[in-house]
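First the structure, in the form of C-alpha cells, and then the observations on it.
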Amino acid sequence: MLSQNMQSALNKQINEELFSAYVYLAMAAESENIGLPGFAHWFKMQYQEELAHADRFFTYILDRNGKVELDALAKPSVDEETPLSLFEKALSHEQHITQCIFKLKDLARQETDHATDVFLEWFVREQIEEEASTQTVIDQLRLVEGNPNGLYLIDRELSGRQPDAE
Ligand code: FEO
C-alpha cells in the first residue's frame with residue numbers, strides 16, 4: 001500500500017513526465033520550423049519515450065492499489081530557438097527530471113517503501129542515459145558551430161534515431 005505522501009509524489013511525477021513529452025513535442029515542431037527534420041524526428045522519439053515514462057508511473061500506482069490523479073499541464077516555453085539552444089534546454093530539463101527522481105528515491109527510502117525504491121531504479125539508470133545522449137549532441141553542435149555542412153550532417157544522424165530497447 002502506498003502512503004498518501006508517496007502516492008501524491010508519484011502522481012506529480014506523472015505530470016512531470018507528461019510535461020516532458022509536451023516540451024519535446026514543442027521542440028519537434030520548432031525543429032521542423034527551423035528546417036531540421038532529423039532534429040524533429042529525434043525530439044518526436046523523445047516525446048514518445050516520455051509518454052512511456054508517464055505510463056510506467058501510471059501503471060505502478062494502479063498496481064499498488066493507489067489512485068491516479070491527473071493534473072493540468074503547463075505550457076512549454078520553447079520559442080525562437082537555435083539548434084544548440086534546443087538541446088541545451090533539453091539537457092537542463094533532463095537535469096531537473098533527474099533531481100525529481102532522486103527526491104522520489106529519497107522519499108521511498110525515508111518511508112522504507114522497498115517496492116517503490118526498486119521501481120525507481122530503472123529511472124535512475126534511464127536518467128544517466130538521457131543526460132548523456134543529450135550532452136553528446138550538444139558537444140557535436142558546439143564542434144560544428146557556424147558550419148552549415150556540419151549541422152546538416154548532425155541532422156542526418158539524428159534522423160536515424162531508433163526506439164530504445166527496454
Ligand atoms: Fe522521463 Fe526524459 O525523463
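Throughout, numbering of the chain's residues begins at 1 and tracks the sequence. Order of appearance sets the numbers: ligands from 1, and atoms from 1 within every ligand. Computed from a predicted model, the values in this text were never measured in an experiment.
- With 2.8 Å as the limit, Glu49 does not count as an N, O or S neighbour of atom 2 (Fe) of ligand 1.
- Coordination check, Glu126 versus atom 1 (Fe) of ligand 1: failed, since every N/O/S atom of the residue sits at 2.8 Å or beyond.
- Of all the N, O or S atoms in Glu50, the one closest to atom 2 (Fe) of ligand 1 is OE2.
- Closest non-hydrogen pair, Leu51 versus Ala21, comes out as CD2-CB, 3.8 Å.
- Summary: OE1 is the N/O/S atom of Glu130 found nearest to atom 2 (Fe) of ligand 1.
- With hydrogens and angles disregarded, a donor-acceptor distance shorter than 3.5 Å links the side chain of Ser159 to the backbone of Arg156.
- For an aromatic pair to be called close, the ring centres must be under 6.0 Å apart, and Phe57 with Phe119 satisfies this.
- Closest approach of Ile138 to Phe87, counting heavy atoms only: CD1-O, 3.5 Å.
- When all heavy atoms of Arg161 and Met45 are compared, the closest pair comes out as O-CE, 3.6 Å.
- For His53 atom ND1 and Glu17 atom OE1, the angle they make at atom 1 (Fe) of ligand 1 is roughly 100°, to 10 degrees.
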